[in-house]
Amino acid sequence: MGAENIFDNGLDANPANFQPQTPLSFLDWATTVYPDKTAVIHGDARYTYRQFGERCRRLASALQQRGVGVGDTVAVMAPNSPPMLEAHYGVPMTGAVLNALNYRLDAAGIAFILGHGEAKVLITDREFSPVISQALTQLDRTIIVIDIDDPLAGSGEMLGETDYESFLSEGDADFRWQPPADEWQAISLNYTSGTTGNPKGVVYHHRGAFLNAMGNALVFGLNSRSVYLWTLPMFHCNGWCYTWGVTAVGGTHVCLRGPDPARIFPLIKEHGVTHMCGAPIILNMLVHAPDDVKTNFDNPIEVATGGAAPPSAVIAAMEKMGFKVTHLYGLTESYGPSTYCAPKAAWADMDLEEKAVEMARQGVRYPTLSEQAVLDPNTLAPVPADGATIGELMLRGNTVMKGYLKNPDASAEAFEGGWFHTGDLGVVHADGYVEIKDRSKDIILSGAENISTLEVEEALYRHPHVMEAAVVAMPHERWDETPCAFVTLTPGAGAVTEDDIIQWCKDNLAHFKAPTKVVFGPLPKTSTGKVQKFVLRERARAL
Ligand code: ADP
């Protein structure tokens, strides 16, 4: 007879000691602890936490009166503005799932997502009426449309049966929401950009959203004095979960409809902004903003960047301007950031350029993620921590998606072997920090060598006259593939030639990694600020 486990008896979970985790509870907490504190700023509008909480509960109540509940989807097409933020609470308070739409998609893309995600309600900012009205004609289902009439939006046709503020007034400010019966219940649906074929619908659960919001607050050092400027689109992985994370500390959300440096610098000053996030392209925009737009700050502004690899030259330039950079890595499938480059005490003695190279590594897992490893994608054996052996970055833990909506094959493939396969290739350094070398489809196979496009871009960004750069594979008779660089020069760069750039790369990289061709001009980008490498690959193939 086996010994009885004394800890199994009479110690069951019950409502007093086990509650489903949900980021919605942060709002209840903040409205109780900081009722009179400014929760949301948008242009001249201010909402205290009491008012913010009321607006979210009204939204939930009004949606419920229209029959919205568990198993339903509510889509929102809006820039960073109060309705988009409120939807992160009001929609899941009904039990429904929030589908924040990428507002830079075209009508066909929007129609696909509304159809695939089976949205029952669409809340849409009038700025996007042209694309939405077109999308609605392509949709073969009925949908309740509610217009947001933001005074900062300019003109745009009203498409729906009511406007957002009237809709809120239909709702009950004392609406009592119930936590999900199970924290595994879906909270949001976020579509990947789908560069090839239709996008995939990534489903998040309440538990993961709660945890990643907490992870963000820990890693980025948020607290109740934090003033967070929304330079990152809230539609991108639910604003990397900062939509919930800032509320989790009782911080202030400063909305911003679009990331324009001419607005960002004055807003930082006006509201005493302490934290903001953005893709490296946003940082680069701030670095290259005209001098008359830039301002000096009394205290360093914390800026977290990710979504694409930040070149060390961009990190260094931001730090010089008075920003303190935190480098995050993640994907839609990991609720945004899963990984960060934890700062080290030893960096204090380094010069800025050297330190920025360290900071450009993707780093270590969030404390809220269970495991991160670089593995051989076939055997799942870990690669040695030698900074050289390439494997695929894999993640596991409670901040990995539930799966892809209505796509069991893609889900099974992504989770094969009990790991989430990121599709990113990287190495592990001796200190355990991960460095991404490329997306698996981007790496260049030149003769017997792999060339990391990120490494070549890193060298290009250090050229004093390079503003932006992207490197892709170009077919080559002898080597199969060689690097082709697409470069945007800084304004007033003068006569920088293809040979100058190639020579610069030869001086700063192993010779075989230097581009064999350089094309000057603007770079095509996705709506989340990533260079569209597939477009450049086609261009390179046609050269
Ligand atoms: P999409 O796949 O639609 O572009 P995601 O936001 O999910 O949108 O993109 C995630 C990908 O972005 C990662 O797989 C990785 O290739 C890239 N990425 C994100 N953050 C970083 C980073 N800090 N460094 C390098 N690459 C990054």
Side-chain angles (χ1 to χ4, degrees), residues 100-102 104-105 109 113 188-204 212 219-220 232-241 277-284 303-312 314-315 325-342 356-366 372 374 377 390 392-395 399-401 404 410 414 420-427 433-443 452-455 457-458 461 470-471 524-535:
L101 298 169
N102 176 343
R104 298 197 190 100
L105 290 178
I113 290 173
S188 61
L189 170 64
N190 293 303
Y191 281 81
T192 61
S193 61
T195 45
T196 50
N198 282 329
K200 289 187 284 230
V202 175
V203 182
Y204 293 4
N212 220 37
V219 160
F220 204 19
L232 174 80
M234 290 185 199
F235 73 71
H236 194 208
C237 315
N238 302 112
W240 300 352
C241 294
C277 297
I281 180 189
I282 302 291
L283 271 50
N284 210 24
V303 59
T305 191
S312 70
V314 175
I315 296 177
V325 179
T326 298
H327 176 190
L328 308 177
Y329 159 93
L331 320 83
T332 306
E333 289 85 338
S334 63
Y335 295 67
S338 59
T339 303
Y340 75 120
C341 191
V357 170
E358 294 284 314
M359 292 168 71
R361 300 182 306 166
Q362 283 66 23
V364 294
R365 69 181 165 88
Y366 260 39
Q372 153 173 315
V374 177
I390 290 185
E392 184 175 354
L393 181 64
M394 311 228 182
L395 312 171
T399 55
V400 170
M401 65 167 175
Y404 297 113
F420 171 66
H421 299 233
T422 64
D424 288 312
L425 301 178
V427 299
Y433 278 44
V434 164
E435 184 187 349
I436 300 291
K437 292 289 185 185
D438 250 321
R439 277 189 170 187
S440 45
K441 54 183 181 288
D442 292 338
I443 203 151
S452 152
T453 62
L454 296 188
E455 193 182 332
E457 288 162 15
E458 164 72 18
Y461 269 92
V471 173
K525 309 225 177 64
T526 68
S527 51
T528 50
K530 287 177 222 224
V531 174
Q532 291 175 305
K533 289 206 166 173
F534 68 101
V535 174

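Below, all heavy atoms of this structure are taken into account, side chains as well, without hydrogens, waters or symmetry copies. Nothing here was measured: the structure is a model prediction, and the numbers come from that model. In each ligand, atom 1 is the first atom listed, and ligand 1 is the first ligand listed.
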Exercise. Is there a heavy atom of Thr305 sitting under 4.0 angstrom from any atom of ligand 1?
Worked result: no

Exercise. Just going by heavy-atom distances, which of Arg439, Lys200, Lys437, Lys441 is nearest to atom 11 (C) of ligand 1?
Worked result: Arg439

Exercise. If we only count heavy atoms from C-beta on, is the Tyr191 to Asn102 side-chain gap below 4.5 Å?
Worked result: no

Exercise. Are any of the N or O atoms of Gly307 closer than 3.5 Å to those of ligand 1?
Worked result: yes

For this session: Apply side-chain hydrogen bond (donor to acceptor under 3.5 Å, both in side chains) to Tyr329 and Asp424, showing your working.
Result: CA-CA 11 Å; Tyr329 159 93; Asp424 288 312; 2.5 Å; yes

Problem set entry | Ligand-side contact atoms (ligand 1) for residue partner His327, heavy atom cut-off under 4.0 Å | 22 (C), 23 (N), 24 (N)

For this session: Report, in ascending order of atom number, the atoms of ligand 1 lying under 4.0 Å from any heavy atom of His236.
Result: 6 (O)

Exercise. Which one holds for Asp424 and ligand 1: side chain close, backbone close, both close, or neither close, with close meaning a heavy atom under 4.0 Å?
Worked result: side chain

For this session: With side chain to side chain contact (heavy atoms under 4.5 Å, CB included) as the test, would you mind laying out the steps for Lys525 and Lys530 before giving the verdict?
Result: CA-CA 5 Å; Lys525 309 225 177 64; Lys530 287 177 222 224; over 6 Å; no

Exercise. Looking at ligand 1, does Gly423 have a heavy atom less than 4.0 Å from it?
Worked result: no

For this session: Mind checking the CG-SG spacing from Asn212 to Cys237? Nearest 0.5 Å is all I need.
Result: 9.5 Å

For this session: Can you measure from CG (Asp442) to NZ (Lys437) and round to the nearest 0.5 angstrom?
Result: 14.5 Å

Exercise. Are any of the N/O atoms in Leu331 less than 3.5 Å from those in ligand 1?
Worked result: no

Exercise. Run the side chain to side chain contact (heavy atoms under 4.5 Å, CB included) check on Met401 and Phe420 step by step: do they pass?
Worked result: CA-CA 9 Å; Met401 65 167 175; Phe420 171 66; 4.1 Å; yes

Exercise. What part of Ala308, side chain from CB on, backbone N/CA/C/O, both or neither, has a heavy atom under 4.0 Å from ligand 1?
Worked result: backbone

For this session: Identify the residue among Leu393, Thr339, Val427 that makes a side-chain contact (heavy atoms from CB on, under 4.5 Å) with Val434.
Result: Leu393

Exercise. Heavy atom under 4.0 Å from ligand 1: found in Thr526's side chain, backbone, both, or neither?
Worked result: neither

Seminar exercise, completed: Numbered in order shown, the ligand 1 atoms found under 4.0 Å of a heavy atom of Gly330 are 10 (C), 13 (C), 19 (C), 20 (N)

For this session: With rounding to the nearest 0.5 Å, note down the distance linking CD1 in Ile315 to OG1 in Thr305.
Result: 7.5 Å

